[in-house]
Amino acid sequence: MTKFEGEIIPIDGLRGSRSKELAAYLTAQHTPYLRLIECRKWNDGEFLFVEIDVEVAPRRPVPIEATEPLAIWCSPSNNKLPVVIAKRKEFPSEQLHITVDVNGDFASLCLWERSTDELLSTFTPFMFFSRIKEWLELAAEGKLHLDDQPLEPVLIGARVEAIFPVGPIDGKSRYLAQGQQGIDPPITIRFLKKTEGFEDGVQPEYVLLPLVTNVVFGRAVRAVPQSLEDLAKILLACGCDLQAEVQSWIMSVRNEGGLDQARPVIHVTFPKSKSVEGSVEGHDHWAFVLTQSVAEMGECLGVYIADSGTLVPKIGGEMDAGRFQEIPMEPMHVVQEIESKHLAIYSGTGETPTNSISIAAIGAGALGSRVTEICARSGFGRWAIFDKDIFLPHNAVRHLLGDWAIGLAKAPYVASFINQLVPGTPIEGGYLVDILDERTLGDEAREAFDSAELILDISASISVARKLSMREDASRCFSLFFNPSGRDLVFLAESMDRKITLIDLEASYYSFIIETDALIDHLGAISPETVRYGNGCRDISTRISSEQVSLLGGIGAKSIRSQSKNDCAEAMIWKSNEIGEVTAFRVPTSEFVASSKGDWTVRWSRALIATLSRLRDSDLPNEAGGVLIGFVDFSLKVIAICSAIDAPKDSVKKPHYFERGKSGLGSELQRIDNMTAGQLRYIGEWHSHPTGVPATPSAKDETLFSRLGEAFAGTSEPHIMAIVGERELFWRMGINQSTFDHKISV
């Protein structure tokens with residue numbers, strides 16, 4: 001049985017609140033399996049010695065006894081949990097979830113996975129003793145450590161942070177570090193290879209001695225050693241001769257020169273396995289910083305001698321390992337740097353560098369830079385950034401870059417800055433170009449754009465998204481933009497097969513807006529607050545806060561990542577309010593039927609065609625009709641027809657005749673114009689033909705179209721008349737005295 005010293009005291013002699021609390025519970029005899037044997041005062045704390053009855057099987061893999069004597073040490077401070085120590089000398093301490101002190105005198109039970117702060121807030125004597133009993137019974141069955149649970153650390157207890165490069169430490173390289181002071185009281189030390197991190201003439205504060213032990217398996221956790229002698233004992237048991245390693249290393253460091261005043265840091269890698277036959281499942285990394293410099297350590301161990309005030313190697317001298325105890329050291333908590341593949345693991349995106357998509361991002365403004373940064377930090381995407389703008393003073397309010405970037409090109413500096421934020425090179429290029437202007441493109445930028453698997457428009461330019469849509473050779477395109485006030489975010493994603501393009505999604509987006517009362521102020525009703533940042537008439541910027549960019553930028557980044565794995569088209573609107581609430585709207589998407597006539601392309605929403613067909617059927621035997629709504633791009637010569645206004649109340653509907661009325665039509669057109677910021681407009685007229693009558697213009701229809709032509713004469717604006725029949729839709733477009741006819745199957 002482990003020997004415990006200290007003065008025996010009566011129960012009423014206990015002074016610590018925690019020890020009195022536990023003793024009171026034990027003496028109240030709430031549970032028959034617990035007995036308080038005696039109390040002792042020891043140093044500044046108190047011991048409670050108890051016996052606990054355990055339910056164990058006659059044949060059990062771990063020799064836990066039916067009655068186990070335990071010592072419970074209680075700190076005088078309520079900020080520490082009681083420590084449970086096995087008293088029995090034969091207690092099976094060489095198992096997982098046991099902590100053994102440096103000298104091997106005490107084996108304490110590792111009861112909890114949760115943090116001390118969390119446990120203290122819920123701690124009760126019943127909880128504490130119940131967990132001890134459960135721990136012993138699970139240990140007896142060999143079920144204390146779950147199969148999917150990570151292996152225990154080899155050592156425990158350190159305050160100083162040591163940061164090392166990712167991967168195995170190369171024993172042939174020299175690793176050096178400077179220290180940075182922390183708070184109460186640790187320091188943080190980051191090691192770099194000598195060739196990578198240190199300039200000539202810079203004196204390092206620390207130099208590394210890397211060691212690797214044999215495979216460690218199924219053993220208790222040890223308290224960290226406090227001296228070279230303590231460490232040597234632990235390493236020798238793991239197949240590593242610290243004495244021989246130190247003697248060889250200290251001479252090699254001395255021969256390099258310039259490192260005499262650096263403090264040695266011993267880095268130990270413990271390969272871990274669950275069993276002797278098992279494979280290595282992980283590695284424990286520990287480091288120990290010595291209190292002496294290389295020179296002082298060498299002199300203490302007899303490797304160096306003083307000669308005229310200079311330390312020189314002792315010829316033929318053997319190191320005095322007996323003085324290891326005289327060299328104290330501080331254990332260090334080891335943290336490894338991360339690789340690009342870890343970004344996805346830590347952020348939970350599931351992406352890896354091997355399956356991350358290549359993306360061409362057009363736009364490196366406030367939203368573009370923030371979205372790209374968020375995606376890069378989560379390990380999503382291999383990016384090329386294209387932007388034709390430079391960084392201006394007012395951009396610093398909400399851009400990823402800062403005041404230092406004024407006057408610099410956005411794209412290349414955003415790329416460089418993000419690559420400094422995270423490991424690897426998520427941004428493979430940043431280009432000061434107008435991606436849609438061939439005159440500004442070099443071969444490298446063109447190759448980066450053409451090879452991208454996904455094109456992301458974050459340029460806040462309608463024309464960019466529309467031009468991308470019309471490029472048959474383009475990859476799949478997404479578009480992400482703020483509404484004019486910066487309160488809402490819009491995301492449009494083409495289908496993988498590009499049967500639904502950005503220009504189609506834009507039209508569906510407008511159509512959804514005019515049908516949704518909650519979006520009345522999304523584009524038009526409230527003018528955005530602006531500020532003038534220069535003397536030019538166009539030097540105007542919308543007032544949008546940095547937190548708004550971050551709020552909606554995070555939503556946008558998540559949507560891009562999620563939608564990149566989905567083959568379908570998607571259109572979303574996120575509407576935010578003053579207190580940060582966000583409401584999501586999913587916009588119904590539709591394929592469009594495109595027909596080119598002359599220089600013009602007319603795109604009809606299949607959803608609209610289906611609606612017109614239903615309206616025709618519902619009004620039979622009468623004819624139905626109304627006004628066509630869409631947008632016209634005069635630069636690209638594209639018409640997108642996406643909505644219709646129902647026939648006004650004063651319209652006339654007869655079996656072989658339809659006359660569209662005017663009641664309320666003007667106000668409805670004005671409402672649509674306001675809600676879409678002038679994008680949707682009157683396109684023309686539609687009406688239906690009854691069953692058995694072909695969808696071709698009658699004499700009256702020809703007269704109607706002539707009147708449309710007269711109304712639009714000299715405007716260079718297109719106008720369309722459509723006829724919906726039983727199985728087809730006929731449409732005619734007129735512009736500048738030219739007409740084009742086409743039919744679409746319904």
Side-chain angles (χ1 to χ4, degrees), residues 499 503-504 507-508 511 590-633 637-648 651-661 665 680-713 715-746:
K499 288 184 177 179
I503 205 165
D504 304 329
S508 297
S511 181
S590 170
E591 284 192 27
F592 277 62
V593 183
S595 303
S596 294
K597 296 295 181 179
D599 295 335
W600 286 82
T601 298
V602 180
R603 306 181 72 86
W604 280 85
S605 164
R606 283 203 177 275
L608 174 61
I609 293 173
T611 297
L612 299 182
S613 183
R614 285 195 300 272
L615 290 173
R616 170 194 176 273
D617 294 345
S618 65
D619 276 349
L620 287 174
N622 296 325
E623 291 188 4
V627 169
L628 298 173
I629 300 297
F631 69 77
V632 180
D633 189 307
K637 297 189 182 305
V638 172
I639 304 170
I641 306 173
C642 57
S643 187
I645 299 176
D646 291 343
S651 300
V652 178
K653 300 179 181 180
K654 299 293 183 180
H656 296 285
Y657 176 75
F658 172 80
E659 182 179 337
R660 193 259 299 156
L665 183 59
L680 290 192
R681 54 178 283 164
Y682 174 91
I683 297 295
E685 306 283 335
W686 79 275
H687 68 278
S688 66
H689 279 181
T691 303
V693 178
T696 54
S698 64
K700 291 181 180 180
D701 296 335
E702 295 288 356
T703 300
L704 169 64
F705 192 77
S706 296
R707 290 176 182 173
L708 277 175
E710 292 171 2
F712 281 88
T715 65
S716 297
E717 295 184 25
H719 49 282
I720 288 178
M721 179 185 70
I723 302 171
V724 181
E726 188 175 5
R727 292 187 177 84
E728 61 185 7
L729 179 148
F730 167 90
W731 60 266
R732 174 179 292 170
M733 181 182 77
I735 183 170
N736 295 335
Q737 287 76 50
S738 297
T739 61
F740 307 97
D741 291 356
H742 194 74
K743 285 187 178 182
I744 301 172
S745 297
V746 175

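Residue numbers start at 1 and run along the sequence shown.
- With respect to the salt-bridge test (charged N to carboxylate O, under 4.0 angstrom), the residues R681 and E717 qualify.
- Atoms CH2 and CD1, from W600 and I720 in turn, are 9.5 Å apart once rounded to the nearest 0.5 Å.
- Closest heavy-atom contact between T601 and S596: OG1-OG, 3.2 Å.
- When all heavy atoms of S613 and V724 are compared, the pair lying nearest together is CA-CG1, 4.1 Å.
- To the nearest 0.5 Å, atom SG of residue C642 and atom CD1 of residue I503 are 11.0 Å apart.
- When all heavy atoms are compared, the tightest approach of G661 to P648 is O-CG, 3.3 Å.
- To the nearest 0.5 Å, atoms CD1 (I629) and CD1 (I683) are separated by 7.5 Å.
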Any chance you could lay out the side-chain contact (heavy atoms from CB on, under 4.5 Å) test for F740 and I735, step after step, and finish with the verdict? CA-CA 9 Å; F740 307 97; I735 183 170; 4.3 Å; yes
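- At a cut-off of 3.5 Å, with distance as the only test, a side-chain donor of T611 or R614 sits close to an acceptor on the other residue.
- The closest donor-acceptor contact from the side chain of S706 to the backbone of E702 lies under 3.5 Å.
- Ring geometry for H742 against W731 counts as tilted: the plane angle lies between 30° and 60°, on a 0 to 90° scale.
- In this structure, the side chain of S590 engages the main chain of A607 through a donor-acceptor pair within 3.5 Å.
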Starting from the C-alpha separation in whole Å, work towards a yes-or-no answer on salt bridge (charged side-chain N to carboxylate O under 4.0 Å, His left out) for K700 and E659. CA-CA 10 Å; K700 291 181 180 180; E659 182 179 337; over 6 Å; no
Apply the test side-chain contact (heavy atoms from CB on, under 4.5 Å) to residues K597 and V602: give CA-CA distance (whole Å), side-chain angles for both, the deciding distance (0.1 Å), then the verdict. CA-CA 8 Å; K597 296 295 181 179; V602 180; 5.8 Å; no
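- Rounding to the nearest 0.5 Å gives a distance of 11.5 Å between CZ of R616 and NE2 of H687.
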With side-chain contact (heavy atoms from CB on, under 4.5 Å) as the test, would you mind laying out the steps for L665 and Y682 before giving the verdict? CA-CA 11 Å; L665 183 59; Y682 174 91; 5.7 Å; no
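- What you find for L615 and A624 is that their closest heavy atoms are O-CB, 3.9 Å.
- In plain terms, the two heavy atoms of P718 and F712 that are nearest each other are O-CE2, 4.1 Å.
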Please report the C-alpha distance between E728 and I744 in whole Å, then the side-chain angles of each, then the deciding distance to 0.1 Å, and finally whether the side-chain contact (heavy atoms from CB on, under 4.5 Å) criterion is met. CA-CA 5 Å; E728 61 185 7; I744 301 172; over 6 Å; no
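- Applying side chain to side chain contact (heavy atoms under 4.5 Å, CB included) to D701 and the options R732, H689, E685 leaves one that passes, H689.
- Residues G709 and H719 share a closest heavy-atom pair of CA-NE2, 3.5 Å.
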